[in-house]
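Every number for a ligand or one of its atoms is a count from 1 in the order of the listing. Every value quoted in this text rests on a predicted model; they were computed, and no experiment measured them.
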Amino acid sequence: MNKVNIILIGFMGSGKSSLGKWMSANAGFGFLDTDEYIEEKEKRTINEIFAADGEEYFRNLETGTVRELTGELENTVISVGGGLPIREENQVNLKKLGKVIYLRAKPETLIERLKGDESRPLLKGGNLEDKINSLMSARSEIYEKAADIIVDTDGLTLEYIYNDIENKLITLL
Ligand code: S3P
């Protein structure tokens with residue numbers, strides 16, 4: 001793939017960070033994760049940010065991050081937090097930053113991957129399956145609309161998903 005930033009969007013547990021790291025190790029891309037970027041800048045975890053300042057504060061940090069990154073990166077895979085594409089402004093800026101890929105995964109896959117996870121404030125307490133289903137039904141159309149390309153990921157290897165992205169990108173570039 002030639003110089004282009006790849007933005008990975010999708011639900012928590014859809015494999016954005018794993019694929020981003022794989023592409024960085026195997027396909028010559030840089031890698032940036034917006035959650036890690038925010039945690040480093042704030043010097044506290046996402047859980048701590050939500051607990052002390054709430055979700056809206058975190059969403060403002062996400063919007064600020066996308067603004068900051070626009071025009072600053074080249075040949076980098078950017079894995080973005082699962083809720084970041086919800087704001088319209090972020091959708092517009094993500095498209096300026098690079099090609100936006102939605103890593104689509106079925107709720108069953110996500111439930112398996114997110115069982116026992118303690119790092120995501122939105123999934124804490126209550127029934128995990130219900131939370132995933134209701135967030136997913138509120139978000140799936142947003143992800144589809146925000147994306148240039150959609151790839152299905154259930155049961156597929158990182159290499160297979162990367163090749164699928166590459167083939168679909170060729171038709172866009
Ligand atoms: C969130 C997803 C998380 C993180 C935060 C909120 C969301 O990122 O940004 O916990 O609203 O879906 P990952 O998608 O990397 O887990």
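Using a 4.0 Å cut-off between charged side-chain N and carboxylate O, Asp152 and Arg104 make a salt bridge. Under 4.0 Å is where a charged nitrogen must lie from a carboxylate oxygen, and between Asp35 and Lys16 no such pair does. Between Glu108 and Arg113 there is no salt bridge, since no side-chain N of the basic residue sits under 4.0 Å from a carboxylate O of the acidic one.
The aromatic rings of Tyr162 and Phe29 lie perpendicular to each other, with more than 60° between the two planes, well past the 30° mark.
No side-chain donor-acceptor contact under 3.5 Å links Thr109 to the backbone of Pro107.
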For a distance cut-off of 3.5 Å, show me each N or O of ligand 1 paired with any protein N or O, plus the separation.
residue, atom, partner, partner atom, Å
ligand 1, 8 (O), Asp35, OD2, 2.7
ligand 1, 9 (O), Asp35, OD1, 2.8
ligand 1, 9 (O), Asp35, OD2, 3.2
ligand 1, 11 (O), Arg59, NH2, 2.7
ligand 1, 11 (O), Gly83, N, 3.4
ligand 1, 11 (O), Arg139, NH2, 2.8
ligand 1, 12 (O), Gly83, N, 3.2
ligand 1, 12 (O), Arg139, NH1, 2.7
ligand 1, 12 (O), Arg139, NH2, 3.4
ligand 1, 14 (O), Lys16, NZ, 2.5
ligand 1, 14 (O), Gly82, N, 2.8
ligand 1, 15 (O), Asp35, OD2, 3.1
ligand 1, 16 (O), Arg120, NE, 2.7
ligand 1, 16 (O), Arg120, NH2, 3.1

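With 3.5 Å as the limit, one finds no donor-acceptor pair spanning the side chains of Asn93 and Thr70.
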